[in-house]
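Everything on this sheet refers to the single structure shown next.
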Amino acid sequence: MVSFKERMMMIMKRKTSLALLIGSAILISGCSDGEDGKNGEDGKPGGDGDPGTSGLHIDMANEAIATINNASYADGIITVDFELENQQGVGLFGLSPENQYHDFRFSLAQLETTQGSELKQWISLLNETTNDEGTTFEQGFEQIKNCAECLVDHKDGSYTYTFSTNLTTAPDPAGVVFEPALTQRIAIEMQFEYASGHELAENAHYDWIPATNSTEGVETRDLVTLETCYTCHQPDSLKAHGGRRLDMENCQSCHNGIVTDPNAVSVELGHMVHAIHMGPNREGKDAEGNVVPMPYTIAGYGGDHAFDYPAFPTKPFMDCATCHVDDENLADKDLWLANANANACTGCHTDSPAQHKSDKNPALTCTDCHSAAVHTDHKKPYETAEAYDVEVSNVTINNNEIRFDAKIIDTNGELVAKEEVYKQGYSKPYMVVSWDVEKDYPDYNQSPYSERRIDIKDDTKATWNADNTVSVVATMNFPTDIASRSLEVLPVLKVCFEEGTMTRTACDADNAYPAYVQTDAYRAVLSDPDAVVADRRAIVDEATCFGCHSKEFYHDSNGVNCIACHTNDKSLKGNGTADNGVALLKSTSFMYKAHKAEGHDNGHGGSGTILKTDCTTCHSAVEGWGGKNYGFELGRNSGQAHALPSTQKPAAGEVVETWYASSDVAACMSCHQKYMSDAAMSHMRSNGGYFGANKDADHMVDVNDAGNAKDAKEACATCHSPEKVMEHHGFSL
């Protein structure tokens, strides 16, 4: 074996031999006649190398934020400088016309004003025709894929794009003439849809006057904000055209004053939004002059689409302030009051205003004859009734009989008369009696709300005295210890006003318009006059409900106190039939109805009003709610039984039954039951949750399902924290 020392000696010997060999070669090549050789010619200078990159390649980004920094104009050509970056501010380079996934485009629109009028409208440039006759138009775009040489990538997230269209020489199909002295809007639309399923979408806009290159103090058109739309909608539900259109400014640019569908139906933003939100209430006249339903119907790439479903769940319908908020940051917040745009008016009023066009009113300016105040007058009865009060006093309960006195008081302290209190059909002036307020109200099986609602215009239960006070006597099934429990008497009644006014009137008058009184419920513990009755759990931000529904909900509206009637264990009712003909059932509890209400439940994705994952629409964090305790914290409502159907996807011949579920299980199943696997349902059971019909070993005898639901010891909160619950729904807390 060779030792380490011997191996090192051999290596050194090899190195010495190699050095001698190289030295000999040098000496041999150095032999000459003694004269130095001539210097060689200087080499040619190298060309400029490709610029280096700085940042992150855009195909590696999880999100992209676009900003237009500058625009310039010369000889009919617009050049725009913009940048793309991620949320950390890192520039995104690599945008390329050759990349098949890089759908990146620009639109142009100019703001035109009507002389002698307050009307100002965005009008699109780069227009394209939408029908064979060339008489209808939509906004066109410049796309980077159509002009590779137009785009310059500066390799650091900044870019320059030069429009290929010469705005002074290119003919516009709609005849729009580019005016460099007007406000112009450049808008970016970016939507990358990779084969992996990853998407990048972004909008940006830039308003400026090309003639002066000014961006300060330019004329604009700001009537509403996207944040106001989010009162009812959410970002996901407003991602239009496949997720390409995200910002209000981009919507305004495309849905402008000259664009229509191929049938010449206007899709101008004001007209379209008003028409869509009329839903099934929109009417017009047919060829024979008959008033018929006329839902807004437009022709799209997928065929005709009629907006004939409930689309604006507010009453009064004409509560324009739902969208047109009094926001000082909106330069044109009062422009809608001028009714300057008759196209917006016809969104709601269909063809009726067109019949008014005459020599007197050739421009069809609605305010020539109509005051904009008519749109706000509809709210006056509601705003007046909001300030009314209902006082309940002298409450006693003996042997299942409750007695109390009540009076309805206006803002001047005067009492409302019996004939001024509304009663017709389903709408009755109720006093709803409840208990166990802090425990989600009484069990439905103990005392259904049909027994707890007292009609104060029912002479068998209420007496109207000469001074307009009301004396009530009614019986119902009270718990034996009712005196020590929280008690609530909730007034749910309408008072009649002359339509569009604050003046109260008898409800049989021709112009009578009923509006709900909004007043606090009477709450007390009869055995302890000093007791403070706890409110129901703070779960829903009531302001968000009114923000979408306006002054009145569908019925029995006094605040958001629906659970006083729609208790957790309220019975199920019919819900049509499944595709295979099996009769379906649905729960009528407040939670289940709120989660399943039409417009509240739009499936697992796609466009809609409120998407399933948008829990924060109603469960909003409000100061004083105890941090994250606003509907996402599980385990806070044990001891409750919730009624729900046994299945939402029955097999042929299956009978849908009433099940009872424990609280956390019921909340999850109200949305997810249709999609839940057997493994998921088993998981809930194994962690203490209860649902379903328990039967004995022979599957013959029902046991107390509601009792089992109440006794369940749910452990969901151990793993499913509020943060994790919201993470599953696409949000972070």
Would you say [X]'s side chain and [Y]'s backbone share a donor-acceptor pair under 3.5 angstrom?
X: N256; Y: C254; result: yes
X: N263; Y: V265; result: no
X: T136; Y: A264; result: no
X: E288; Y: N290; result: no
X: N250; Y: I188; result: yes
X: H198; Y: A61; result: yes
X: H595; Y: C671; result: no
X: N127; Y: F137; result: no
X: Q139; Y: L108; result: yes
X: N70; Y: D81; result: no

Donor-acceptor pairs under 3.5 Å, side chain of residues 141-149 to any protein atom, not counting sequence neighbours: which ones?
residue	atom	partner	partner atom	Å
E142	OE1	Y161	OH	2.6
E142	OE1	S164	N	3.0
E142	OE1	S164	OG	3.2
E142	OE2	S164	N	3.1
E142	OE2	S164	OG	3.1
E142	OE2	T165	N	2.8
E142	OE2	T165	OG1	2.6
Q143	OE1	R105	NH2	3.4

* Asked: Excluding sequence neighbours, so at least two apart, what forms ring-ring contact (aromatic ring centres under 6.0 Å, His included) with Y159?
  -> F82
When rounded to the nearest 0.5 angstrom, what is the spacing between [atom1] in [X] and [atom2] in [Y]?
X: S158; Y: L95; atom1: OG; atom2: CG; result: 11.5 Å
X: D308; Y: N281; atom1: CG; atom2: CG; result: 11.5 Å
X: L84; Y: E63; atom1: CG; atom2: CD; result: 12.0 Å
X: L167; Y: I77; atom1: CG; atom2: CD1; result: 7.0 Å
X: E193; Y: Q191; atom1: CD; atom2: CD; result: 4.0 Å
X: Y296; Y: M278; atom1: OH; atom2: CE; result: 13.5 Å

* Check D326, D222, T225, D327 against K333 for a side chain to side chain donor-acceptor pair (under 3.5 Å) and give me the one that passes. => D326
* To do: Count the heavy atoms belonging to other residues, nucleotides or ligands that lie under 6.0 Å from CG of D132, then report whether that count exceeds 12.
  =>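 Counting neighbours around CG of D132, 12 or fewer heavy atoms of other residues, nucleotides or ligands fall under 6.0 Å, so no.
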* Any chance CD of E216 has more than 12 other-residue heavy atoms, nucleotides or ligands included, within less than 6.0 Å? ->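 Check fails, neighbour count at 12 or below.
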* Please report the C-alpha distance between F178 and L126 in whole Å, then the side-chain angles of each, then the deciding distance to 0.1 Å, and finally whether the side chain to side chain contact (heavy atoms under 4.5 Å, CB included) criterion is met. => CA-CA 10 Å; F178 172 70; L126 311 178; over 6 Å; no
* Donor + acceptor pair across side chains of Q110, Q184 (<3.5 Å) -> yes
If you compare all heavy atoms of [X] against all heavy atoms of [Y], which two are closest, and at what distance to 0.1 Å?
X: G347; Y: H271; answer: N-ND1, 3.4 Å
X: N213; Y: S72; answer: OD1-CA, 4.3 Å
X: P295; Y: F307; answer: CB-O, 3.7 Å
X: I209; Y: P180; answer: CG2-O, 3.5 Å
X: P210; Y: L182; answer: CD-O, 3.6 Å
X: D153; Y: G94; answer: OD2-N, 3.0 Å

Results of side chain to side chain donor-acceptor pair (under 3.5 Å) for [X] - residues two or more places apart only:
X: K379; result: none
X: H102; result: D59, N99
X: T297; result: none
X: E98; result: S96

Less than 4.5 Å apart, side chain to side chain, heavy atoms only: is that true for [X] and [Y]?
X: K285; Y: V291; value: yes
X: N203; Y: E189; value: yes
X: F106; Y: V80; value: yes
X: Y101; Y: L200; value: no

* Asked: Angle class for the H375/W336 ring planes (parallel below 30°, perpendicular above 60°, tilted otherwise)?
  -> perpendicular
* Check step by step if side chain to side chain contact (heavy atoms under 4.5 Å, CB included) holds for Q252 and H205. => CA-CA 11 Å; Q252 291 171 333; H205 73 283; over 6 Å; no
* Step-by-step side chain to side chain contact (heavy atoms under 4.5 Å, CB included) determination, H324 to L330 -> CA-CA 10 Å; H324 294 284; L330 292 172; over 6 Å; no
Residues which pass salt bridge (charged side-chain N to carboxylate O under 4.0 Å, His left out) with [X], listed by chain and number, not counting sequence neighbours:
X: E227; answer: none
X: E219; answer: K120
X: E552; answer: K315, K494
X: D75; answer: none

* **Any pair counted as disulfide (SG to SG under 2.5 Å), so long as it reaches residues 292-331, sequence neighbours left out** =>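 Every pair satisfying disulfide (SG to SG under 2.5 Å) with a residue in residues 292-331: there are none.
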* **Sequence neighbours excluded - salt bridge (charged side-chain N to carboxylate O under 4.0 Å, His left out) pairs with any residue from residues 167-187** => R185-D207
* **Evaluation steps, side chain to side chain contact (heavy atoms under 4.5 Å, CB included), between E199 and F192** => CA-CA 5 Å; E199 294 187 15; F192 299 174; over 6 Å; no
